[in-house]
There are 4 protein chains.
Amino acid sequence: MIFASNGFHNSQIAKIAKQAGIAEGTIYLYVRSKEELMIRLFEQQVGSFITVLQEQLRSMEDARDQIACIIHQHLSRLEEDPELARVIQFELRQPNPTIRDGIAPVLRSYFQVIEQTILLGQEQGHFDPTLSPKLARQLIFGGINEVATSWVFSQKAYALRAQGEPLLRMIFRGITK
Amino acid sequence: MIFASNGFHNSQIAKIAKQAGIAEGTIYLYVRSKEELMIRLFEQQVGSFITVLQEQLRSMEDARDQIACIIHQHLSRLEEDPELARVIQFELRQPNPTIRDGIAPVLRSYFQVIEQTILLGQEQGHFDPTLSPKLARQLIFGGINEVATSWVFSQKAYALRAQGEPLLRMIFRGITK
Amino acid sequence: MIFASNGFHNSQIAKIAKQAGIAEGTIYLYVRSKEELMIRLFEQQVGSFITVLQEQLRSMEDARDQIACIIHQHLSRLEEDPELARVIQFELRQPNPTIRDGIAPVLRSYFQVIEQTILLGQEQGHFDPTLSPKLARQLIFGGINEVATSWVFSQKAYALRAQGEPLLRMIFRGITK
Amino acid sequence: MIFASNGFHNSQIAKIAKQAGIAEGTIYLYVRSKEELMIRLFEQQVGSFITVLQEQLRSMEDARDQIACIIHQHLSRLEEDPELARVIQFELRQPNPTIRDGIAPVLRSYFQVIEQTILLGQEQGHFDPTLSPKLARQLIFGGINEVATSWVFSQKAYALRAQGEPLLRMIFRGITK
DNA sequence: CATGAATGAGGGTTCATTCAT
DNA sequence: AATGAATGAACCCTCATTCAT
């Protein structure tokens, strides 16, 4: 089952199936509902992102490098796959509680990666030890997200990756002791 | 007739009308379509928020006080009216371009308030003059938004306002020279 | 109550009222329903047409003159008041049985005028006595009507009245002994 | 799938679907809108009528036989399928310009069949050469139509086909030299 | 395993009608 | 008598889901 991320645009099952080159009914052999499909797709995309990310983080000792890595990878990933960006920014921001709850675990595991890094940085004496890692994560994730949203809104008129450096500088100052 | 801000819950016209205590058809006396309704509601809510906010900002000289005010007012407003928070966080984050374009002007005017304040702070020598006001705004707005989103997700289990102080401290450090 | 024929276009009550320069509710002081309104308007228009027509017919002895008069008056009336033509051609040709039944009496009285004239012509020895007056009337009325319909469809690109003469000639030959 | 010609009665999609023994949504697999449905049905019905009619006309040399054939076939067709009669008489006589324009081509092609026949008759020396074929067609079509309308109004209390003979006689006299 | 035609519940919108003023 | 804001039933259409092949 390879519904590559290359196909949401409109999120009607008919179009998703067409984009994936399969029949509508086929989707339901793998998934119980459209909601589950959205969740599975999100899990797949974000899950693989996290796996790769953790791989890279493991090779870094300094939490500051790790934070830099997270931010750059996040922006790069969205820039590479604008469709995924759209999905995350809009498609998944739905009032539908089933979807919200469904993606929560994956999102939480990403949040934990960030929070762990902050904790590590605090232990290493780089980051302000009085910071709530959760709140710091919220600022970081929210900031990246808003930068990405603006970029999508702007019709991708500029390089998203280029925002990483200055954004990183602000965040660093914000969380450094 | 003023549409009650709490007239949402679900976004079906029937339910919106019921919540507002009016008939479905009545809505269409004031609004041409559901999309326009969403936009009008957003304009009304955010517009009045901005008006009040600017009033308060005018009485402050120091841009640092202004930033603090913005963050606190934003969080307070959402906490006072959790329904509005839900609408902004989820209901309006839609792929629908009409809505996105419709709310863009109001959102932009809020963004300008923030960016002006940052600019002022740079002129006053408080904030890093090399910062892009736009990017700083993105971090601030994105951060606040994410804090609010988490709060909504948590079923409002804690005081949103209480997050203002520590969030503010991080942001200050992040944008200060 | 003067809802002159000058106002159907679209047949929504709101527009009819606006055209007549009165409020929507006012209509319901004179009429129980939209259907009744349509019927009353039709009665008024066609009724006055018949009255005038009979006046003129009374001054003619020869049934052949009378038939000529009917055809010319009918076409003239529709040409003078294209709005009435539209109403008769389309607005009133509805599946709605209430309207059909409601206008039936007026229509029938017009039919009787025509059939009486044919009968007279048969007695005068001008028209084929073996003809069914009803069938002859159907041919005449149907013919006029179709000529008028074509004219309306053509966006009134030519003079409707001008069709009277040649149409009359055909009909005459058709019903003459 | 062929929409049963008797799938009308009322023109609500729900009822049309029910009559045709299919679901509402199914209709929209074959047709983009209700208007298109009406047009398609008309095209189908009238189109096949014209095809059969032209087949028959081809075997006749004399334009007088052809006119007789047209009138009899027209009346027979409506009598066989009273539902079609209702549709043509009422359902399609709508102010809706989309439908009017949509059925215009089919209707026009029927008109041409009639007008060609008249032209032929004029060439053969049977019909008055000074007649406008268009006007003659209007009288013929309008006459048939009115006869059919009366019949439908009468709740089909008598044999429609029986009207063909006397109607034909009148029309013949009307258009003969 | 895969298909895609068929389904039908659900939702936005219109508009004839009412009724408090 | 007149108004017109409010009503809400009715209707067209969409689209997630099913199931016979």
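Every chain is numbered from 1 and lettered A, B, ... according to where its sequence line falls, protein lines coming before strand lines.
Under a 3.5 Å cut-off, the side chain of D:Thr26 and the backbone N or O of D:Ile22 do not form any donor-acceptor pair.
Nucleotide E:dG12 holds its C1' atom 14 Å from the CD atom of B:Glu36, rounded to whole Å. Between the CD1 atom of B:Ile16 and the P atom of F:dG8 there is a distance of 17 Å, given to the nearest Å. If you take CD of A:Gln12 and C1' of F:dC13, they are 13 Å apart, rounded to a whole angstrom. A:Ile27 has its CD1 atom 16 Å from the P atom of E:dC1, to the nearest Å. When the P atom of E:dG4 is taken as reference, atom NZ of A:Lys15 falls 18 Å away, rounded to whole Å. Following rounding to the nearest Å, D:Arg32 (CZ) and F:dT14 (C1') show an atom-to-atom distance of 14 Å. Between the P atom of E:dA16 and the NZ atom of C:Lys18 lies a distance of 15 Å, rounded to the nearest Å.
Relative orientation of the A:His74 and A:Tyr110 rings is tilted, given thresholds of 30° and 60° on the angle between their planes.
The shortest distance between the side-chain N/O atoms of B:Tyr28 and the OP1/OP2 oxygens of F:dG8 is not below 4.0 Å. Checking the phosphate oxygens (OP1, OP2) of E:dA5, no side-chain nitrogen or oxygen of D:Tyr30 falls inside 4.0 Å.
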Pair D:Tyr28-D:Ile13, side-chain contact (heavy atoms from CB on, under 4.5 Å): steps then yes or no: CA-CA 10 Å; D:Tyr28 289 88; D:Ile13 286 286; 3.6 Å; yes

Step-by-step side-chain contact (heavy atoms from CB on, under 4.5 Å) determination, B:Ile103 to B:Val46: CA-CA 10 Å; B:Ile103 66 175; B:Val46 176; over 6 Å; no

Dot-bracket line, read 5' to 3' along DNA chain F, where crossing pairs take [ ] and | marks a partner on another strand, Watson-Crick or G-U under 3.5 Å: .||||||||||||||||||||

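Comparing B:Ala23 and D:Gly25, the nucleotide of DNA chain F nearest to each residue sits closer to the 5' end for B:Ala23. In terms of position on DNA chain E, the residue among A:Gly21 and B:Ala14 whose nearest nucleotide sits closer to the 5' end is A:Gly21.
A donor-acceptor contact under 3.5 Å links the side chain of D:Glu24 to the base of F:dC13.
Note that CZ of A:Arg40 is 4.5 Å distant from CD of A:Glu36, once rounded to the nearest 0.5 Å. Taken to the nearest 0.5 Å, the CZ atom of C:Arg77 stands 5.5 Å off from the OG atom of C:Ser48.
Of all the heavy atoms in B:Thr98 and B:Ile39, the pair that sits closest is O-CD1, 3.7 Å.
Here E:dT3 is the nucleotide among F:dA16, E:dT3, F:dT7 with the atom lying nearest to any side-chain atom of A:Leu29. Set against E:dT17, F:dT17, E:dG12, the side chain of C:Ile13 has E:dT17 as its closest nucleotide. Checking E:dT3, F:dC13, E:dT13 against the side-chain heavy atoms of D:Lys34 singles out F:dC13 as nearest.
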